[in-house]
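Accompanying notes for the structure given below.
Side chains are part of it too, since the values below use all heavy atoms of this structure and drop only hydrogens, waters and symmetry mates.
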Amino acid sequence: MTIRSDAQVLDAWSHNADPWVGAVRGGEIASRVLVTNAAIVDTVRARRPRSGVDLGCGEGWLVRALPEVEMVGVDAIPGLVESAREAGGGEFRVMSYEEIAQGRLALAADVAVCNFSLIGKEAVEGLFRAAPSYLRKGGALIVQTLHPLAACGEQPYVDGWREGSWAGFSSEFKDAPPWYFRTVGSWVTLFAAHGLRIVEMREPVHPESGKPVSLILVGELEG
């Protein structure tokens, strides 16, 4: 049996930082260009935040897309943070979810955004648990993830680790990271268990297939 873990996720992303920067900046991910990039930007702007943090910011595109918000981008992969800093548009820090779970981010942001960046298990749970250390009371954690119904494929609709794949990406990508699948119900439970009251749910739809490609959940930190 293959053992999957959060450590494997980080290891795989470390190996694929450069091709990921190229794919994002080259507009190679069709669903993002057509649907999900605008969906997450619109969801953030709807709250009219003055400050925010992008958790798992990658090469920093979302920070740059929100110039009116005082944004901090955080990622565990040094190569991605270096690319983000070179492009500018905000403050960027190298920090793992485990470090954030220990309270080391120390912010009081209006919004925290996780845009397709929650693919592990324990590390993600720690990030939710630490929400009071990076959000002000009444602030919101905004998560966009692959829509569970679409991401499930032919496998049983139950939580658990899944094999990763770079299907549809260039041959530069190697060793796809594993990812932890959660049902819609499990996402809702995760928010509720950590004092985050879900106030909005969006299901962005692909303009060609007519099917949802992602799930966006907005949870307010209760005081």
query: Between Lys121 and Glu125, does a salt bridge (Lys or Arg N to Asp or Glu O under 4.0 Å) hold up when you go through it step by step?
result: CA-CA 6 Å; Lys121 187 180 186 299; Glu125 293 163 0; 3.3 Å; yes
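- Between Trp13 and Trp166, the ring centre distance stays below 6.0 Å.
- Classification of Arg50 and Glu68 as a salt-bridged pair fails, no side-chain N sitting under 4.0 Å from a carboxylate O.
- Between atom CD of residue Glu82 and atom CD of residue Glu86 there is a gap of 5.0 Å, rounded to the nearest 0.5 Å.
- Partners of Asn37 according to the side chain to side chain contact (heavy atoms under 4.5 Å, CB included) rule, which considers only residues two or more places apart in sequence or in another chain, are Arg32, Trp61.
- If you check the side chains of Ser186 and Thr183, you find a donor sitting under 3.5 Å from an acceptor.
- Tyr134 places a side-chain N or O within 3.5 Å of a backbone atom of Leu127 that can act as its donor or acceptor partner.
- Ion pairing between Arg93 and Glu99 fails under the 4.0 Å rule for side-chain N and carboxylate O.
- In this model, a donor atom of one side chain and an acceptor atom of the other lie less than 3.5 Å apart for Ser214 and Gln144.
- For the pair Arg85 and Phe92, the NZ or CZ position fails the cation-pi test of under 6.0 Å to the six-membered ring centre and within 45 degrees of the ring normal.
- Not a single donor-acceptor pair under 3.5 Å links the side chain of Lys211 to the backbone N or O of Glu208.
- A salt bridge is absent between Glu220 and Lys137: the closest approach of a Lys/Arg side-chain nitrogen to an acidic carboxylate oxygen does not fall below 4.0 angstrom.
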